[in-house]
**Q** 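Below is one structure. I have some questions about it.
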Amino acid sequence: MEPSKAPEIFLKPYNPALEEPQMLELWEKSGYANPDVCVEKGVTKPDAETFSIVLPPPNVTGILHMGSALMVVIEDIVVRAARMQGKRTLWIPGTDSAAIATQARVEKDIQKSEKKTRHDLGREELLRRIDVFVEENKSIIINQFKKMGASLDWSRCAYTMDEKRYAAVMEAFVRMHAAGLIYRGQRIVNWDPKGQTTISDDEIVYEERTAKLVTFTYSHEFPIPIATTRLETKVGDTAVAVHPDDGRYAGLVGKEYDAVFCGVPIHVKIVADPSVDPSFGTGALGVTPAHSHTDWEIADRHDLLRPQVIDEKARMTIEGALKGKKTMEAREIILEWLKKENLLIKEEEIPQNVATAERTGGIVEPLPKLQWFLDVNKPIAKRSGKTLKELMRDAVESGETEIFPKHFEKVYFNWIDNLRDWCISRQIWFGHRIPAWFRKDERGNIVDTIVGVEGPSSAKASEGTWEQDSDTLDTWFSSGLWTFSTLGWPEETDDLKTYHPTSLLETGYDILFFWVARMILMSQFHLGEIPFRKVLLHGIVRDGQGRKISKSLGNNIDPLDMSAKYGMDAVRMSLIAGMAPGTDSKISEEKIRGYKHFANKLWNITRFVLENYGSATSINSDDQKLVDEAKDVATEVSANIDNFRLDLAADQVYHFVWDRFAAEILEESKPIFRGGGEAAASRAHTLYAILNTSLKLLHPFMPFVTEAIWQQLPQPSSAQGSGGARKESDFLMVAKWPLLRSSSAKDFGRAQ
RNA sequence: GCGCGCUUAGCUCAGUUGGUUAGAGCAUCUCAUUUACACUGAGAGGGUCGGGGGUUCGAAUCCCUCAGCGCGCACCA
């Protein structure tokens with residue numbers, strides 16, 4: 001046997017900065033991230049089991065942070081493992097327009113540099129500026145994802161606002177409108193005065209604050225004191241509601257009173273309504289139908305007037321001294337007036353949840369507005385009379401879609417149970433414009449409406465001037481279509497047939513409602529099938545001490561900085577280690593450094609193995625046990641990956657490679673090599689085999705260093721001496737996943 | 001108010017259907033070592049598994065209860 005020298009590159013420590021760009025280039029040239037190429041080149045059988053997954057599209061305003069890095073790593077691990085297992089694997093990338101966030105960002109930039117508002121520029125010009133911004137930023141975020149080693153099929157990259165996706169959104173809206181699920185109605189909506197748009201219930205964040213609860217009466221004649229934290233709305237009251245069983249007020253129900261409240265004439269009827277909590281405040285509720293969700297519903301039941309007293313800028317609209325005042329100012333003025341008039345009974349501090357807009361932080365003002373809604377309770381004929389709510393529930397209840405970890409299924413059901421109609425129209429310019437056209441009379445009243453992809457036909461156009469609705473759709477409306485709009489829907493494409501329903505949806509638990517639920521809704525309605533078979537949720541990435549990463553704490557750990565310092569493989573491993581599904585995880589620089597050492601360990605193991613590697617021989621029975629041991633590890637690692645316990649899988653292979661392979665097997669081999677002969681030759685091949693298996697198992701987790709080593713491996717000489725056996729694959733990325741222990745070790749449909 | 005999760009070594013966490021003496025990483029301390037690797041190796045200290053009760057031959061693991069922390073939803077006059 002002639003000992004071969006290890007390639008010179010192994011004489012120096014592993015250098016990620018040198019290897020990573022080369023590996024990226026190799027992978028990109030290979031085209032193996034595209035399943036069509038894999039089939040073409042014979043790596044994957046055309047009829048192999050498919051594995052498909054969409055990348056949760058990052059916002060074009062965003063940059064890569066540890067959260068998105070975690071997402072990329074989890075998905076890339078699962079995808080690379082599936083590809084090596086011979087599955088026809090598709091991972092679709094894309095970017096998200098993130099309507100409000102993007103428009104706000106561009107508006108801010110323009111305000112800063114040109115001191116202009118969007119109204120100064122006009123709709124067309126603003127949208128043009130946004131497009132420029134988006135194009136610049138898209139490539140930044142895409143390049144960052146590429147650097148992570150994400151084996152996404154960039155040839156299928158989608159953007160929520162590109163032509164195909166735009167068309168899909170229009171089609172989806174029109175179809176849902178035709179089915180009677182989308183309607184336009186005057187209802188109380190969540191108005192964000194800061195963002196100047198409506199928002200959905202899910203975009204509200206409740207903040208606990210202390211509020212002043214004021215107890216008073218409207219006038220000296222009015223018999224019931226009421227309590228409120230929002231005095232300014234009381235000029236819009238049209239009723240006082242008490243509980244039907246509340247004996248204190250029984251005799252007063254049905255009576256009506258007039259009063260002049262802080263200069264505003266009001267007419268208040270006393271009604272009995274079961275929604276009133278007799279134990280809160282005075283047990284009597286001043287009903288302001290136009291500025292409270294529950295009061296609006298009470299007004300429905302008692303046929304009350306609904307005067308609006310606050311406008312979109314959160315200012316008073318009522319004639320008189322209050323007109324034009326901010327709500328907070330009006331509150332003080334009324335309080336002073338109550339004191340002066342001796343109508344004030346009590347003031348007390350109470351804790352209160354204030355509704356704020358998630359994006360802007362503005363205090364949400366409930367306002368009655370004419371908006372588009374999606375009806376979640378209407379039976380759908382073509383879906384056997386089920387409602388959207390029921391369809392959403394069915395998908396998970398039937399087990400067709402499984403959520404990991406399991407307990408999030410309860411959270412999901414809980415959300416569905418409390419779901420109200422979804423307000424889908426937004427008063428911003430950047431987004432998918434609602435495909436509705438209105439014809440108005442001289443006074444501006446809408447006399448005709450058309451909903452359609454094309455707009456008014458020529459015949460209709462001759463009837464008068466049509467104007468398209470200026471509103472755009474909630475960004476989650478288009479996101480809901482993502483699993484199938486990225487595959488070419490509404491066209492019946494091959495991709496759609498092959499890859500939908502997708503196999504897996506992996507995302508953060510924080511967008512379970514926003515996105516996961518909406519995708520189920522959309523797919524169930526439009527395709528009559530689930531969007532994905534499994535949902536895997538991950539948590540928030542926190543710093544080493546478990547704190548949320550925030551600018552004010554200055555504890556940001558930038559994934560790209562860290563990879564420059566320690567290598568992307570180290571970043572990837574440290575994100576996965578200790579990360580249980582659905583649970584928040586932690587990352588620190590020390591942790592990352594540890595895995596850099598591991599990459600180097602692997603590098604040096606290779607050096608040792610190659611230095612002792614020699615010509616053809618067979619493996620003896622003692623050594624076969626070691627090979628089998630590696631097979632056992634492969635079996636367990638595979639099982640953990642299948643169960644999405646990537647943390648356990650990573651830990652297992654890490655410990656096998658370091659503590660068993662390097663610390664024990666390699667050490668025991670040294671005297672064997674000194675002894676020479678058959679035993680040494682057998683051992684040399686055994687070490688090569690174990691290294692081979694280790695590289696494959698580690699590849700999904702640490703693709704760069706493993707591929708870099710693979711590229712340096714000599715072609716193994718055949719044990720049977722047939723010679724010239726080619727290295728089984730030119731790329732570790734598409735090398736065959738190790739055989740597993742059990743006889744059920746399937747071939748995973750790999751082409752030979 | 002309803003629901004979910006967490007509580008194990010100084011720190012961060014594993015512990016998969018209950019089964020010997022409860023594990024890892026980091027940190028601390030001691031020692032070793034010029035060839036695969038100091039981006040190393042060997043070893044040590046450190047835990048009444050949040051409290052209490054129960055089931056069991058046996059409980060970190062299952063049940064009840066209490067406490068603390070975190071989160072979601074609802075209410076929010």
Side-chain angles (χ1 to χ4, degrees), chain A residues 6 10-15 201-202 204 206 208-209 211 213-215 226-231 233-234 237 240-242 275-277 279-288 291-295 298 350-355 405-419 509-510 512-513 539-540 542-546 548 566-567 570 574 577-580 582-591 593-612 636 639-640 643 645 647-648 651-652 654-655 658-659 662-663 666-667 669-670 673 687:
Chain A
F10 290 107
L11 300 179
K12 288 182 185 164
Y14 173 61
N15 181 357
D201 294 344
D202 298 288
I204 291 177
Y206 290 97
E208 192 155 303
R209 301 182 185 174
L213 183 71
V214 180
T215 307
I226 59 168
T228 185
T229 56
R230 296 206 56 194
L231 266 180
T233 65
K234 296 293 105 183
D237 282 11
V240 162
V242 297
S275 68
V276 178
D277 174 3
S279 66
F280 189 93
T282 61
L285 163 66
V287 181
T288 322
H291 299 287
S292 150
H293 283 100
T294 50
D295 293 7
I298 292 174
I350 58 160
Q352 191 193 223
N353 284 329
V354 177
K406 197 85 179 164
H407 71 256
F408 278 103
E409 292 188 353
K410 275 195 183 173
V411 179
Y412 173 80
F413 292 134
N414 184 253
W415 177 80
I416 291 176
D417 292 341
N418 290 304
L419 190 62
Y509 64 69
D510 50 334
L512 178 63
F513 309 141
I540 296 165
R542 296 167 179 273
D543 74 0
Q545 285 117 61
K548 266 195 178 173
Y566 305 109
S574 56
M579 183 255 0
T583 307
D584 295 352
S585 56
K586 295 169 188 72
I587 192 155
S588 60
E589 190 161 346
E590 294 71 49
K591 196 171 168 186
R593 191 185 302 128
Y595 288 104
K596 185 196 180 183
H597 298 175
F598 180 58
N600 193 57
K601 189 81 184 174
L602 194 64
W603 195 251
N604 281 293
I605 289 170
T606 307
R607 175 180 165 190
F608 181 83
V609 171
L610 294 186
E611 276 175 352
N612 293 286
E636 284 172 38
N640 276 322
N643 295 329
R645 289 307 305 265
D647 54 326
L648 300 183
D651 195 56
Q652 234 162 2
Y654 172 91
H655 280 108
W658 198 312
D659 298 337
L666 250 55
E667 290 304 322
S669 301
K670 288 175 184 174
F673 288 138
L687 296 187

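Here is the naming used below: chain letters follow the sequence lines, and residue numbers restart at 1 for every chain.
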**Q** Measure the acute angle between the ring planes of A/Phe513 and A/Trp415, then classify it against the limits of 30° and 60° as parallel, tilted or perpendicular.
**A**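 If you compare the ring of A/Phe513 with that of A/Trp415, the planes turn out parallel.
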**Q** Where the side chain of A/Phe513 is concerned, which of B/G72, B/C76, B/A36 is the nearest nucleotide?
**A**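 For the A/Phe513 side chain, the nearest candidate turns out to be B/G72.
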**Q** When the P atoms of B/A60 and B/G50 are considered, how many whole Å apart are they?
**A**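 It comes out at 10 Å once rounded to the nearest Å.
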**Q** For A/Val287, which contact category applies under a 4.0 Å heavy-atom criterion: base, sugar-phosphate, or nothing?
**A**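 Nothing: the residue A/Val287, judged by heavy atoms under 4.0 Å, touches no strand.
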**Q** Which nucleotide sits closest to the side chain of A/Asn414: B/A36, B/G72, B/C76?
**A**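 From the listed options, B/G72 comes nearest.
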**Q** B/C63 and B/C4: how far apart are their P atoms, nearest whole angstrom?
**A**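 Between the two P atoms, the distance is 12 Å.
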**Q** Can you tell if the side chain of A/Thr583 reaches within under 4.5 Å of the side chain of A/Tyr509, non-hydrogen atoms only?
**A**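 Side chain of A/Thr583 against side chain of A/Tyr509, heavy atoms only: no contact under 4.5 Å found.
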**Q** Between A/Trp658 and B/G41, is there a side-chain N or O to OP1/OP2 distance below 4.0 Å?
**A**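 Checking A/Trp658 against B/G41: at least one side-chain N or O falls below 4.0 Å of OP1 or OP2.
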**Q** Return the value, rounded to whole Å, for the distance between atom CD1 of A/Ile298 and atom P of B/C75.
**A**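 Distance, rounded to whole Å: 12 Å.
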**Q** Any side-chain heavy atom of A/Thr282 within less than 4.5 Å of one from A/Thr215?
**A**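 Heavy-atom side-chain distance check passes, below 4.5 Å.
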**Q** Quickly work out the A/Ile204 CD1 to B/C76 C1' distance and round it to whole Å.
**A**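 So the two atoms are 12 Å apart, to the nearest Å.
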**Q** Just do the side-chain contact (heavy atoms from CB on, under 4.5 Å) check on A/Trp658 and A/Leu602 with the steps written out, would you?
**A** CA-CA 8 Å; A/Trp658 198 312; A/Leu602 194 64; over 6 Å; no
**Q** Go through B/G72, B/C76, B/C4 for me and flag the one nearest to the A/Tyr206 side chain.
**A**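 In terms of side-chain proximity for A/Tyr206, the closest of B/G72, B/C76, B/C4 is B/C76.
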**Q** Across all strands, who's sitting opposite B/G25 as a Watson-Crick or G-U wobble pair, both distances under 3.5 Å?
**A**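 Paired with B/G25, as far as the under-3.5 Å criterion goes, is B/C11.
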**Q** Give a yes or no on whether a donor-acceptor pair under 3.5 Å exists between the nucleobase atoms of B/A24, that is its base, and the side chain of A/Gln652.
**A**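 Side chain to base: no pair below 3.5 Å.
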**Q** Among B/C39, B/A24, B/A36, which nucleotide has an atom closest to any side-chain atom of A/His655?
**A**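 Comparing B/C39, B/A24, B/A36 against the side chain of A/His655, the answer is B/A24.
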**Q** Select base, sugar-phosphate, or nothing to describe what A/Asp295 touches, counting heavy atoms under 4.0 Å on all strands.
**A**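 It contacts nothing in the nucleic acid.
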**Q** Any N or O donor-acceptor pair under 3.5 Å from the base of B/C71 to the side chain of A/Tyr509?
**A**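 Counting by modelled atom types and ignoring angles, no donor-acceptor contact under 3.5 Å is found here.
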**Q** Write down the distance between CZ (A/Phe598) and P (B/C26), rounded to a whole number of angstrom.
**A**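 About 13 Å, once rounded to whole Å.
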**Q** With side-chain contact (heavy atoms from CB on, under 4.5 Å) as the test, would you mind laying out the steps for A/Leu285 and A/Phe280 before giving the verdict?
**A** CA-CA 9 Å; A/Leu285 163 66; A/Phe280 189 93; over 6 Å; no
**Q** A/Phe408 has an atom CZ; how far is it from atom C1' of B/G70, in whole Å?
**A**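 It is 12 Å, rounded to the nearest whole Å.
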**Q** Can you measure A/Arg593 atom CZ to B/A27 atom C1' for me and round it to whole angstrom units?
**A**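 Distance check: A/Arg593 CZ to B/A27 C1' gives 12 Å.
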**Q** Counting any heavy atom closer than 4.0 Å, what does A/Lys410 reach on the DNA or RNA strands: base, sugar-phosphate only, or nothing?
**A**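 Sugar-phosphate, backbone atoms only, no base.
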**Q** Classify A/Thr294 by what it touches in the nucleic acid, base, sugar-phosphate, or nothing, heavy-atom distance under 4.0 Å.
**A**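 Counting heavy atoms under 4.0 Å across all strands, the contact made by A/Thr294 is with sugar-phosphate only.
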**Q** Determine the interatomic distance between P on B/G15 and the same-named atom on B/U61; round to the nearest Å.
**A**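 Per the computed distance, 14 Å lies between those P atoms.
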**Q** Go ahead and name the base partner of B/C71; Watson-Crick or wobble counts if both distances stay under 3.5 Å, otherwise write none.
**A**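 Partner of B/C71: B/G3.
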**Q** Would you mind classifying the nucleic acid contact of A/Ile226 as base, sugar-phosphate or nothing, using non-hydrogen atoms under 4.0 angstrom?
**A**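 Contact class for A/Ile226: none.
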**Q** Quick one: look up who B/A59 pairs with, Watson-Crick or G-U, both distances under 3.5 Å, and put none if it's unpaired.
**A**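 The base-pairing partner of B/A59, which may sit in any strand shown, does not exist here.
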**Q** Does A/Lys670 make a side-chain N or O approach to OP1 or OP2 of B/A36 shorter than 4.0 Å?
**A**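 So the side-chain polar atoms of A/Lys670 do come within 4.0 Å of the phosphate oxygens OP1 or OP2 of B/A36, strictly under.
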**Q** Counting Watson-Crick and G-U wobble pairs only, both distances under 3.5 Å, name the nucleotide matched with B/A32, or none.
**A**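 By the stated definition (distances under 3.5 Å), B/U40 pairs with B/A32.
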**Q** Please determine, for the side chain of A/Ala663, which listed nucleotide (B/A42, B/A74, B/C39) has the closest atom?
**A**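 Given the options B/A42, B/A74, B/C39, the side chain of A/Ala663 is closest to B/A42.
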**Q** Taking the side chain of A/Asn600 as heavy atoms from C-beta outward, which of B/A36, B/G3, B/C39 is closest to it?
**A**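 Of B/A36, B/G3, B/C39, B/C39 is nearest to the side chain of A/Asn600.
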**Q** I would like to know whether A/Tyr654 and A/Asp659 meet side-chain contact (heavy atoms from CB on, under 4.5 Å); could you show each step before the answer?
**A** CA-CA 8 Å; A/Tyr654 172 91; A/Asp659 298 337; 5.9 Å; no
**Q** Decide yes or no for A/Gln652 and A/Glu636: does some side-chain heavy atom of the first lie under 4.5 Å from some side-chain heavy atom of the second?
**A**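 A/Gln652 vs A/Glu636: side chains touch.
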**Q** Across all strands shown, which nucleotide pairs with B/G47 by Watson-Crick or G-U wobble geometry, both distances under 3.5 Å?
**A**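 Paired with B/G47, as far as the under-3.5 Å criterion goes, is no nucleotide at all.
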**Q** How do A/Phe10 and A/Asp651 order along RNA chain B: which one's closest nucleotide is nearer the 5' end?
**A**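 It is A/Asp651, whose closest nucleotide lies nearer the 5' terminus.
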**Q** Write down the distance between CG (A/Asp659) and P (B/G41), rounded to a whole number of angstrom.
**A**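 Taking atom P of B/G41 as the reference, CG of A/Asp659 is at 8 Å.
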**Q** Starting the side chain at C-beta, find the nucleotide from B/A36, B/A14, B/C39 nearest to A/Arg645.
**A**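 Comparing B/A36, B/A14, B/C39 against the side chain of A/Arg645, the answer is B/A14.
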**Q** Would you indicate, yes or no, if B/C6 has its OP1 or OP2 atom less than 4.0 angstrom from a side-chain nitrogen or oxygen of A/Thr583?
**A**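 Negative; the distance criterion is not met.
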**Q** Between B/G23 and B/G43, how far apart are the P atoms? Round to whole Å, please.
**A**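 Approximately 15 Å lies between the P atom of B/G43 and that of B/G23.
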**Q** P atom, B/G41 versus B/G25: distance in rounded Å?
**A**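 Going atom to atom, P in each nucleotide, I get 11 Å.
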**Q** Kindly indicate whether the side chain of A/Asp295, heavy atoms from C-beta on, has any atom under 4.5 Å from the side chain of A/Asp237.
**A**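 When only atoms from C-beta onward are counted, A/Asp237 and A/Asp295 do not touch, as no gap falls below 4.5 Å.
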**Q** On a whole-Å scale, what distance lies between the P atoms belonging to B/U12 and B/G70?
**A**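 Each nucleotide's P atom is 14 Å from the other's.
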**Q** Could you check whether A/Asn418 gets within reach of a base, just the sugar-phosphate, or nothing at all, counting any heavy atom under 4.0 Å?
**A**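 The answer is sugar-phosphate, as A/Asn418 gets under 4.0 Å only of primed atoms, P, OP1 or OP2.
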**Q** B/U16 and B/U48: how far apart are their C1' atoms, nearest whole angstrom?
**A**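 It comes out at 26 Å once rounded to the nearest Å.
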**Q** B/U40 phosphate, OP1 or OP2: any side-chain N/O from A/His597 under 4.0 angstrom?
**A**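 Result: yes.
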**Q** Tell me: CG of A/Leu11 to P of B/A36, nearest whole Å?
**A**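 Distance check: A/Leu11 CG to B/A36 P gives 12 Å.
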**Q** Closest approach to the side chain of A/His407, judged atom by atom: which nucleotide of B/A36, B/A42, B/C4 is it?
**A**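 Side chain of A/His407 sits closest to B/C4.
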**Q** If you assign A/Arg230 and A/Asp202 each to the RNA chain B nucleotide with the nearest heavy atom, which residue ends up on the more 5' nucleotide?
**A**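 Residue closer to the 5' terminus by nearest nucleotide: A/Asp202.
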**Q** What's the OH-C1' distance between A/Tyr654 and B/C39, to the nearest Å?
**A**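 Rounding to the nearest Å, OH of A/Tyr654 and C1' of B/C39 are 11 Å apart.
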**Q** Let's see if you can work this out: which of B/C4, B/A36, B/C73 has an atom nearest to the side-chain heavy atoms of A/Ala662?
**A**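 Nucleotide nearest to A/Ala662's side chain: B/A36.
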**Q** Quick one: do A/Glu409 and A/Lys406 satisfy side-chain contact (heavy atoms from CB on, under 4.5 Å)? Show the steps, please.
**A** CA-CA 6 Å; A/Glu409 292 188 353; A/Lys406 197 85 179 164; 3.5 Å; yes
**Q** Within the pair A/Lys601 and B/G41, is there a side-chain N or O less than 4.0 Å away from OP1 or OP2?
**A**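 The answer is yes; a side-chain N or O of A/Lys601 sits under 4.0 Å from OP1 or OP2.
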**Q** Can you check the distance between B/G10 and B/G45, where both ends of the measurement are the C1' atom (answer in whole Å)?
**A**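 12 Å, rounded to whole Å.
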**Q** Given B/A36, B/U16, B/C76, which nucleotide is nearest the side-chain atoms of A/Leu666?
**A**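 The answer is B/A36.
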